[in-house]
Amino acid sequence: MEKEIIHLKERFDQQILFTRNSMELEKIRNEYIGRKGYISKLLGQLPLLSQEERPKIGKMLNQIKQSIQKVLEEKEKELQKQKTFKEEIFDYTVPGKDFLMGTFHPIELILKQTEEIFLGMGFKMVDGPEIELDYYNFEGLNIPKDHPARDDQDSFYISPEILLRTQTSPMQVRTMENQPSPVRIISTGKCYRRDSIDSTHTPMFHQIEGLAVDKDISLSDLKGVITEFCHQIFGKERKVRFRPGYFPFVEPGAEVDVSCGLCNGKGCQSCGYTGWLEIMGAGMVHPHVLEMVGYNAEELTGFAFGMGAERIAMLKYGIHDIRLFFENDIRFLNQFK
Ligand code: DAH
């Protein structure tokens with residue numbers, strides 16, 4: 001009988017380990033120490049034992065019963081704790097949480113769309129440094145040290161020869177230095193100028209630059225490519241016009257306007273009653289720029305253009321203050337889903 005009791009306790013210890021809820025616990029309690037349980041049964045057999053054995057086994061059975069009771073109590077407490085923990089953590093009645101879906105920043109949207117449009121026309125993307133040499137930002141673009149065109153583009157200087165680029169145009173020079181013609185590239189990225197902040201200026205902004213150089217490139221290629229871009233970005237109904245404009249690295253140079261989308265070119269407050277909105281600078285690459293990178297300016301011609309991504313976004317989405325792009329107001333950004 002002694003062995004049977006030890007075996008019983010071992011079985012109990014095993015079973016209690018795998019008990020996961022109070023129903024199972026109740027079952028085990030009944031099985032072992034209930035009125036018709038194992039211990040009771042064994043106690044009932046005590047009178048059959050010899051006089052010497054009876055007190056010994058009786059004592060043993062009582063001890064085991066007590067120890068089983070204690071273990072059951074502890075297990076009950078443990079299960080209770082687990083239950084309240086689970087209930088605290090899992091409130092099945094709370095509705096699921098919405099995923100917070102991010103959106104592309106409107107400037108990123110414009111850059112992406114622009115890249116896609118020009119990739120579709122056979123241009124290639126190139127990336128360039130924001131910390132630039134004076135040579136690429138100015139000199140190589142036909143803007144020597146004393147040139148008045150520098151006045152409009154004061155930069156943040158790291159040293160007299162190193163600065164934060166004021167335009168993406170240096171990528172024209174860098175690209176041509178690195179590869180022979182034909183060239184068809186687009187380069188987008190951040191630019192910096194020492195401008196005071198107002199509704200149309202921030203010291204950091206984004207530009208989109210384009211360059212095409214080949215044997216027979218003419219002004220009509222420039223007009224065709226830019227007109228196609230404007231139609232894809234703003235809509236086919238918009239008109240595009242080219243006005244003479246001056247940039248030291250193109251000749252002839254042009255300013256490009258699109259007809260105002262609000263008044264359809266009739267003239268309104270938004271377009272300063274002109275019917276037109278200026279969107280970029282462009283022109284035929286200056287022969288001197290071609291010569292400086294070692295291209296044969298007698299044989300090759302090209303066109304270039306550059307525009308501000310913020311300006312394009314403001315015109316496309318009807319945004320009146322450039323500062324909105326950088327304030328990170330979720331209510332503003334969420335509108336570009
Ligand atoms: N980089 C000029 C600016 O920031 C814009 C520009 C004008 C770029 C004419 C060009 C261009 O490539 O041909 O004002």
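For ligands, and for the atoms within them, numbers begin at 1 and follow the listed sequence.
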Quiz item: Does ligand 1 have any atom sitting under 4.0 Å from a heavy atom of M307?
Solution: no

Quiz item: Looking at V240, L315, I233, which one forms a side-chain contact (heavy atoms from CB on, under 4.5 Å) with I279?
Solution: L315

Exercise. Kindly determine whether T19 and E24 satisfy side-chain hydrogen bond (donor to acceptor under 3.5 Å, both in side chains), including the steps that lead there.
Key: CA-CA 6 Å; T19 309; E24 286 176 9; 4.9 Å; no

Practice problem: Return yes or no for this condition: an N or O of Q207 is under 3.5 Å from an N or O of ligand 1. | Solution: yes

Exercise. Considering heavy atoms of the protein only, find what lies nearest to atom 11 (C) of ligand 1 and give residue, atom and distance to 0.1 Å.
Key: F249 CE1, 3.4 Å

Quiz prompt | Side-chain donor-acceptor contact under 3.5 Å, N137 with T166 | solution = yes

Self-check item: Identity of the nearest option to atom 2 (C) of ligand 1, non-hydrogen atoms only, from Q167, E255, E209
Solution: Q167

Exercise. For V250, counting its heavy atoms only, list the atoms of ligand 1 lying under 4.0 Å from any of them.
Key: 13 (O)

Self-check item: Given E209, E115, K112, the one that forms side chain to side chain donor-acceptor pair (under 3.5 Å) with T188
Solution: E115

Quiz item: What atoms of ligand 1 come closer than 4.0 angstrom to any heavy atom of A304?
Solution: 12 (O), 13 (O)

Quiz item: In terms of atom number and element, which parts of ligand 1 are under 4.0 angstrom from non-hydrogen atoms of Q153?
Solution: 3 (C), 4 (O), 14 (O)

Quiz item: Which of the atoms in ligand 1, numbered in the order shown and given with their element, are less than 4.0 Å from a heavy-atom of S169?
Solution: 1 (N), 8 (C)

Quiz prompt | Flag for Y192-E130: side-chain donor and acceptor within less than 3.5 Å | solution = yes

Exercise. Kindly confirm or rule out an N or O of F247 lying under 3.5 angstrom from an N or O of ligand 1.
Key: no

Quiz prompt | Option among L164, I162, D134 that satisfies the side-chain contact (heavy atoms from CB on, under 4.5 Å) test with Y157 | solution = D134

Quiz item: Between R29 and E26, is the closest basic N to carboxylate O distance under 4.0 Å?
Solution: yes

Quiz item: When you measure from atom 3 (C) of ligand 1 to each heavy atom in E251, R193, M284, which option holds the nearest one?
Solution: R193

